[in-house]
Number of protein chains: 2
Amino acid sequence: MSKAATTRTMILTKSFELIYKQGYQTTSIDNILATTQVTKGAFFYHFKNKDEMGLAMINEVIFPGMYASLVKPLLDAKSPINDIYEMMRNVLLKVPFLRAKYGCPAVNLIEEMSPLNEDFKQALVKLTDQWQAAIKESINQGKATKEIRGDVNAEYVACFVVAGYSGIRNMGKAMGSSCYPIYLQELKNYLKQLG
Amino acid sequence: MSKAATTRTMILTKSFELIYKQGYQTTSIDNILATTQVTKGAFFYHFKNKDEMGLAMINEVIFPGMYASLVKPLLDAKSPINDIYEMMRNVLLKVPFLRAKYGCPAVNLIEEMSPLNEDFKQALVKLTDQWQAAIKESINQGKATKEIRGDVNAEYVACFVVAGYSGIRNMGKAMGSSCYPIYLQELKNYLKQLG
DNA sequence: TTGTGTACATACTAATCAGTATAAAAAATG
DNA sequence: CATTTTTTATACTGATTAGTATGTACACAA
């Protein structure tokens, strides 16, 4: 990787860490520069403005990271009830970087930036859409193998599960991680009853 | 109401509207002053600083408003399955001030301010706790009347329902209100199977 | 009338914000 | 090597931020 590309990547990853913990608007460019040792000239050489950097961060850091945790585990689904539960359990309990106190980077950004920046919103909707589609497809495969009841609406289940995840991430920020296992147990009950 | 009390109330209600749409940190004191016609002297006479105003807004505007919509309808519960569903339907579809694009004021503040301000967090946890307790109590009453299965864990259900609400409010900010009816339908399915 | 606290008004400050101007260093290319 | 392009560095700007300093208008009591 060239030195310039290293600089760009460092800006994006460090910005991601700061924004994850502080929020997008609270994280100033000067704040990013101070923690990266990158100068202002370098920052504005690589990004036209703060929002362009933020969009690049969503597309190049958040999207790939969340895709790997949320969508990929469902693509070679064998048993949707188990696969969806395990995917959720892994995201909530096994991804070391994500802390209950700070929630989920994608959920945070939807919350903070959806009403304020159309480009951010689009990029985050794309992630949500793909996650929902993967859950829906997984459920539909389960219906084909009769693991899931025929009267279950896959799209509704996908929406319900995604909402549950966003919500428990929100709750976790206020109540701490102790609500995660409770949520997971009831998610398991909900999923079981689909079969 | 004395003139001074009117000024204070106006600051709180207008701040609430602005913060609901823009977020807490993005809403500057000058922004509040411009829309209320209140002067800076009056603002800092009534509140020591911005955070004290924000805390008063949570306790005196958000808490009573959300309590009336979320908790009160469950206190004289008759049929938990129906009552919880109707409470949720009313909050999502029938409270005219709340717009999908801007989400829920309480959820927004948990998301934005929980990691940054311990007092805000405590005040918002109080609301969440009371809502969860009301749902739990409602479910337990349903177990007593045999409307709800005996093996259902009321606390887990309460956590699951609250997470679902926070989550669908988050999703609605990105996807629009079209996800509300879908969520409600699947919530109904989930609640039914508790019986 | 004269004092005293309440409620508000105005002008200011120091810090921070995103972004720019201008240059120099570094790297690639001839 | 010489030149051109890429990349980084420094110093600045005007706007905006939360908060302060200092004042005044007014009610009400002695």
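Below, chain A is the first sequence line, B the second, and so on; all start at residue 1.
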Please tell me if [X] has a side-chain N or O lying less than 4.0 Å from either OP1 or OP2 of [N].
| X | N | result |
| --- | --- | --- |
| H46(B) | dC8(C) | yes |
| Y45(B) | dC8(C) | no |
| T7(B) | dC8(C) | yes |

N49(A) near the nucleic acid: base, sugar-phosphate alone, or nothing, with a heavy-atom cut-off under 4.0 Å?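 Sugar-phosphate only.
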
Under 4.0 Å between any heavy atoms, over every strand shown, what does S28(B) touch: base, sugar-phosphate, or nothing? Just pick one. sugar-phosphate

From [atom1] of [X] over to [atom2] of [N], roughly how many Å is that when rounded to an integer?
| X | N | atom1 | atom2 | result |
| --- | --- | --- | --- | --- |
| I32(A) | dT16(C) | CD1 | P | 16 Å |
| F47(A) | dA18(C) | CZ | P | 15 Å |
| I29(B) | dA15(D) | CD1 | P | 21 Å |
| F43(A) | dA11(D) | CZ | P | 20 Å |
| Q25(B) | dT16(D) | CD | P | 19 Å |
| K40(A) | dT13(D) | NZ | P | 14 Å |
| F44(B) | dA11(C) | CZ | C1' | 14 Å |
| D30(B) | dC12(C) | CG | P | 15 Å |

Counting only heavy atoms not in K136(A), do more than 12 sit closer than 6.0 Å to its NZ atom? no

Got a sec: does the CZ of R149(B) have more than 12 other heavy atoms crowding it under 6.0 Å? yes

Whether the side chain of K50(B) and the base of dG19(D) hold a donor-acceptor pair under 3.5 Å is what I'd like checked. no

Among dA18(C), dT10(C), dA18(D), the one nearest T39(B) by side-chain distance: dT10(C)

5' priority, DNA chain C, between K48(A) and R8(B) [closest heavy atom]: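 Mapping each residue to its closest nucleotide by heavy atoms, the 5'-most match is R8(B).
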
Nearest 0.5 Å, please: how far is OG1 in T27(B) from CZ in F16(B)?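 One gets 11.5 Å once the value is rounded to the nearest 0.5 Å.
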
State, with a plain yes or no, whether a side-chain heavy atom of C104(B) is found less than 4.5 Å away from one of M66(B). yes

Is a salt bridge present between E60(A) and R8(A), judged by a nitrogen-to-oxygen distance below 4.0 Å?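 Yes, E60(A) and R8(A) are salt-bridged.
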
